[in-house]
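Take a look at the structure below.
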Amino acid sequence: MKIATYNVNGVNGRLPVLLRWLEETAPDIVCLQELKAPQEKFPEQAILDAGYKAIWHGQKSWNGVAILSRGELPREIRRTLPGDPEDVHSRYIEAEIGGLTIGGLYLPNGNPAPGPKFDYKLRWFDRLHAHAESLLAAGKPVLLTGDFNVMPTELDVYKPESWVDDALFRPETRAAFAKLTAQGWTDAIRTLYPNEKIYTFWDYFRNAFARNAGLRIDHFLLSPQLVPRLAGAGVDKQVRGWEKTSDHAPVWIELKD
DNA sequence: ATGTCGCGCTAAGCGCGA
């Protein structure tokens with residue numbers, strides 16, 4: 001079973017790219033981030049026609065997350081991260097599909113740092129810690145995936161020294177990610193490829209993709225029950241080179257049944 | 001500091017977030 005995550009950066013603006021990628025790579029389950037579309041503007045029919053049933057949590061202009069499945073409709077468990085009723089950003093959606101619990105997330109960017117946006121990022125991380133702990137405590141197979149907006153280590157940045165003050169790489173951010181994984185989560189890509197430079201995002205500036213000036217910020221965190229099932233992982237890097245493409249590439253893992 | 005995008009507002013560029 002192939003499970004993918006893809007920050008599309010506008011689900012309607014990227015629809016041709018998204019549909020081509022679905023057609024060419026046929027993942028079984030897909031988590032999308034940055035829909036940038038209100039609830040009623042999600043392209044449900046086009047996704048259905050492509051063979052996927054979906055649940056989503058939209059928002060005008062920004063954020064927005066979805067879970068797509070080739071088989072059964074994802075059974076939605078929640079569409080917000082617990083812990084702050086005042087937080088109206090659509091950044092989390094959780095579902096069960098065939099006995100697997102999947103949390104799809106779009107962690108706040110947090111720039112500029114320091115500042116209120118960075119404070120929000122760290123608070124969001126605190127809430128994720130709390131919820132992730134409860135997911136582990138249930139003892140079931142769980143996958144947390146999406147755009148974490150964190151490069152976990154220096155290996156995950158093309159030029160670490162120029163990113164140390166950025167909200168995606170500051171010590172507080174890396175510490176928050178390390179604290180999360182220390183609960184018992186496995187970073188799937190890094191476990192399979194411990195020493196390789198693997199990027200999932202290249203910004204639109206300065207010809208970043210052509211220079212491979214990338215970041216690894218889209219992740220798969222596996223609960224202990226899933227680790228023995230991990231059979232492969234990769235980045236569909238070619239998609240980043242297509243016309244009208246997102247600044248992220250799709251990322252995927254393969255789980256044995 | 002800049003660079004490049006999509007989206008919303010509103011009808012063409014601009015502000016915002018990334």
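All chains are named by letter (A, B, ...) in the order of the sequence lines, taking the proteins before the strands, and each is independently numbered beginning at 1.
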Which atom names give the shortest non-hydrogen contact between [X] and [Y], and what distance separates them?
X         : Y         : value
Ser246(A) : His248(A) : OG-N, 3.0 Å
Trp56(A)  : Ala66(A)  : CB-CB, 3.6 Å
Phe169(A) : Trp163(A) : CB-O, 3.3 Å
Ile253(A) : Leu222(A) : CD1-CD2, 3.9 Å
Pro160(A) : Glu154(A) : CG-O, 3.6 Å

Problem set entry | Heavy-atom neighbours of Glu23(A) CD exceed 12 at 6.0 Å |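 Not more than 12 within 6.0 Å, no.
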
Exercise. Do you know which of Trp62(A), Tyr120(A), Tyr106(A) makes side chain to side chain donor-acceptor pair (under 3.5 Å) with His89(A)?
Worked result: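 That would be Tyr120(A); it is the only one of Trp62(A), Tyr120(A), Tyr106(A) passing the side chain to side chain donor-acceptor pair (under 3.5 Å) with His89(A).
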
For this session: State which residue, out of Thr145(A), Thr5(A), Asn7(A), fulfils the side chain to side chain donor-acceptor pair (under 3.5 Å) condition with Gln33(A).
Result: Thr5(A)

Starting from [atom2] on [N], measure out to [atom1] on [X] and report it in whole angstrom.
X         : N       : atom1 : atom2 : value
Asn9(A)   : dT4(B)  : CG    : P     : 15 Å
Phe201(A) : dC5(B)  : CZ    : P     : 12 Å
Asp147(A) : dG17(B) : CG    : C1'   : 13 Å
Phe42(A)  : dC7(B)  : CZ    : P     : 14 Å
Trp202(A) : dC5(B)  : CH2   : P     : 16 Å
Arg14(A)  : dC5(B)  : CZ    : P     : 9 Å
Ile217(A) : dA18(B) : CD1   : P     : 12 Å
Phe169(A) : dA18(B) : CZ    : P     : 20 Å

From [options], pick the nucleotide closest to the side chain of [X]?
X         : options                 : answer
Lys60(A)  : dG6(B), dC9(B), dC7(B)  : dC9(B)
Phe205(A) : dC7(B), dC5(B), dA18(B) : dA18(B)
Lys36(A)  : dC7(B), dA18(B), dG8(B) : dC7(B)
Asn12(A)  : dT4(B), dA18(B), dC7(B) : dC7(B)

For this session: Between dT2(B) and dC16(B), how far apart are the P atoms? Round to whole Å, please.
Result: 15 Å

For this session: For dA11(B) and dC7(B), measure between their C1' atoms and round to the nearest Å.
Result: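 Approximately 15 Å lies between the C1' atom of dA11(B) and that of dC7(B).
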
For this session: State plainly whether one hydrophobic cluster holds both Val17(A) and Leu15(A), where clusters connect Ile, Leu, Val, Met, Phe, Trp and Tyr through side-chain heavy atoms under 4.5 angstrom apart.
Result: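 Per the 4.5 Å side-chain linkage, Val17(A) and Leu15(A) are co-clustered.
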
Exercise. Shared ILVMFWY cluster between Leu107(A) and Leu135(A), side chains joined below 4.5 angstrom?
Worked result: yes

Exercise. Hey, which of these two, Asn63(A) or Gly10(A), hits DNA chain B nearer its 5' end, going by closest nucleotide?
Worked result: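 Of the two residues, Gly10(A) wins.
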
Exercise. Nearest nucleotide by nearest heavy atom, which residue falls closer to the 5' end of DNA chain B, Asn111(A) or Val11(A)?
Worked result: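 It is Val11(A) whose nearest nucleotide is closer to the 5' end.
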
Contact class for [X] (heavy atom, under 4.0 Å): base, sugar-phosphate, or nothing?
X         : result
Lys41(A)  : nothing
Tyr106(A) : sugar-phosphate
Arg240(A) : nothing

Exercise. Could you spell out the base pairing of DNA chain B in dot-bracket, with Watson-Crick or G-U pairs whose two distances are under 3.5 Å, [ ] crossing and | to another strand?
Worked result: ...((((((...))))))

For this session: Please determine if Asp87(A) and Arg123(A) form a salt bridge, counting it only when a charged side-chain N lies under 4.0 Å from a carboxylate O.
Result: no

Exercise. Is the side chain of Arg91(A) donor-acceptor paired with the backbone N or O of Gly64(A) at a distance under 3.5 Å, no angle test?
Worked result: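 Not confirmed, Arg91(A) side chain does not pair with Gly64(A) backbone.
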
Exercise. What is the ring orientation for His129(A) with Phe125(A), classed by angle as parallel under 30°, tilted 30 to 60°, or perpendicular over 60°?
Worked result: parallel

For this session: Specify the residues of residues 156-168 of chain A, ordered by number, for which at least one heavy atom lies under 4.0 angstrom from an atom of DNA chain B.
Result: none

Distances for protein N or O near nucleotides 13-16 of chain B N or O, under 3.5 Å:
none

